[in-house]
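First up is the structure itself, then whatever we jot down about it.
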2 protein chains.
Amino acid sequence: MSNNVDRTVERRLERMRAAVQRAGVKLTHQRLEIFNEIVATGEHPDVDTIYRAVRQRMPTVSIDTVYRTLWMLHDLGLVTTLGPRQDGVRFDANLDPHHHYVCVRCGLVRDFESDELSALEIPAGLTQLGSVVDARVEVRGLCAQCQDAGAPHPTERRSTP
Amino acid sequence: MSNNVDRTVERRLERMRAAVQRAGVKLTHQRLEIFNEIVATGEHPDVDTIYRAVRQRMPTVSIDTVYRTLWMLHDLGLVTTLGPRQDGVRFDANLDPHHHYVCVRCGLVRDFESDELSALEIPAGLTQLGSVVDARVEVRGLCAQCQDAGAPHPTERRSTP
DNA sequence: TTAGGTGCAAATTCTTTGCACCCTG
DNA sequence: CAGGGTGCAAAGAATTTGCACCTAA
């Protein structure tokens with residue numbers, strides 16, 4: 001299985017190299033490391049998480065390069081963002097059709113695949129709103145860890161306390 | 001139909017009044033206006049949009065009150081946030097099971113309902129990850145307006161240009 | 001070689017907090 | 001009337017930008 005993962009990573013890196021060159025932008029170490037970081041982790045990291053991780057291997061990288069690179073990858077269609085917004089974002093390098101399990105408490109997101117869910121029948125009325133590219137299912141719940149940590153009521157708040 | 005909308009709004013406001021009192025927090029004008037704003041518009045506004053709208057009827061309201069009120073409503077379970085994160089958020093006062101159509105270009109979000117989609121079979125393997133509260137379908141595409149505006153390639157950026 | 005990319009530092013923008021006065025219950 | 005709630009102003013974060021040097025092609 002580790003073998004499959006490696007293959008997936010390699011395939012995505014290859015696709016990235018190709019797309020970057022086709023778009024006529026340069027393939028720098030920074031860009032490679034940053035993209036690799038999102039691909040390698042199954043997680044859907046936010047900007048700061050990516051920044052810290054990349055800094056391990058590349059101590060001089062700057063946070064603004066991370067921002068610029070992420071949006072560039074996004075413009076090239078090499079990564080998607082979780083949720084509908086572009087502000088305060090998390091990135092996803094998995095372009096294959098897939099779905100998300102989201103913990104409503106801690107924000108954990110895990111990909112999963114399901115042929116049934118991927119074959120959903122989209123209501124016809126939606127075409128009034130616009131074109132349909134794809135459909136993803138977001139399953140919401142409390143992840144195992146948050147259940148253990150005891151979650152009496154949803155009454156806590158954001159990051160830096 | 002306008003009648004039905006009014007009813008929905010009224011019902012949600014009533015639920016909000018009850019929940020707020022039950023929680024032992026005060027029912028101020030500001031809180032009422034802010035919640036009303038999210039309920040009344042079918043949109044899923046972000047903080048700034050809510051702030052501007054509420055200021056029309058209540059010119060002295062401050063942005064920090066809007067923030068505080070939104071998170072309070074969220075803690076009380078009276079509104080949900082779109083997407084998995086709590087940063088840079090958009091709010092949704094529709095607590096009934098529903099789905100979203102999202103424009104990948106401009107970020108427009110529209111609710112829609114579908115009995116079939118709401119009756120989805122959730123893959124059993126997911127219970128390993130945690131409990132399942134509900135499942136929402138996010139249909140992604142280009143909204144009619146963005147199609148008209150011509151969308152050659154996804155190469156534009158965020159808000160304030 | 002040379003245009004695009006990067007790092008740095010400063011500018012913006014977004015969000016939260018401390019405090020004195022106000023208003024709901 | 002009392003305690004939570006609000007507005008204001010200022011602090012803190014998060015994100016973007018200008019610019020001189022660097023590097024992939």
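Just so we're on the same page: letters track the sequence lines, and every chain starts at 1.
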May I ask you to check whether over 12 heavy atoms, not counting those of R11(A), lie within 6.0 Å of atom CZ?
yes

Interatomic distance where [atom1] belongs to [X] and [atom2] belongs to [N] [whole Å]:
{"X": "M72(B)", "N": "dG4(D)", "atom1": "CE", "atom2": "C1'", "value": "12 Å"}
{"X": "R90(B)", "N": "dT15(C)", "atom1": "CZ", "atom2": "P", "value": "13 Å"}
{"X": "I34(A)", "N": "dT6(C)", "atom1": "CD1", "atom2": "P", "value": "7 Å"}
{"X": "Y51(B)", "N": "dT16(C)", "atom1": "OH", "atom2": "P", "value": "15 Å"}
{"X": "R68(A)", "N": "dC22(D)", "atom1": "CZ", "atom2": "P", "value": "16 Å"}
{"X": "D75(B)", "N": "dG5(D)", "atom1": "CG", "atom2": "P", "value": "12 Å"}
{"X": "L70(B)", "N": "dG5(D)", "atom1": "CG", "atom2": "P", "value": "15 Å"}
{"X": "R31(A)", "N": "dC22(D)", "atom1": "CZ", "atom2": "C1'", "value": "14 Å"}

Is a side-chain donor or acceptor of Q147(A) paired with a backbone partner of L142(A) at a separation under 3.5 angstrom?
yes

Can you pull out the residues from residues 11-27 of chain B that lie within a 4.0 Å heavy-atom distance of DNA chain D?
V25(B), K26(B)

So, does [X] get its side chain near the phosphate of [N], meaning an N or O under 4.0 Å from OP1 or OP2?
{"X": "H29(A)", "N": "dT6(C)", "result": "no"}
{"X": "Q30(A)", "N": "dT23(D)", "result": "no"}
{"X": "Y67(A)", "N": "dT16(D)", "result": "no"}
{"X": "W71(A)", "N": "dT16(D)", "result": "yes"}
{"X": "T28(B)", "N": "dG4(D)", "result": "no"}

Do I38(A) and R12(A) have side chains that approach each other closer than 4.5 Å (heavy atoms only, starting at C-beta)?
no

Is H74(A) close to T81(A) at the side-chain level, that is, under 4.5 Å between some pair of heavy atoms?
yes

Under the side chain to side chain contact (heavy atoms under 4.5 Å, CB included) rule, collect the residues that match up with [X], sequence neighbours excluded.
{"X": "A53(B)", "result": "E37(B)"}
{"X": "L13(B)", "result": "V9(B), E10(B), R17(B), F35(B), N36(B)"}
{"X": "R31(A)", "result": "M16(A), V25(A), K26(A), T28(A), T69(A), M72(A)"}

Residues 116-128 of chain B vs side chain to side chain donor-acceptor pair (under 3.5 Å), sequence neighbours excluded, gives H99(B)-S118(B)

Any side-chain donor paired with an acceptor under 3.5 Å for N94(B) and H44(B)?
no

Nucleic acid contacts - residues 55-65 of chain A versus DNA chain C, non-hydrogen atoms under 4.0 Å:
T60(A), V61(A), S62(A), D64(A), T65(A)

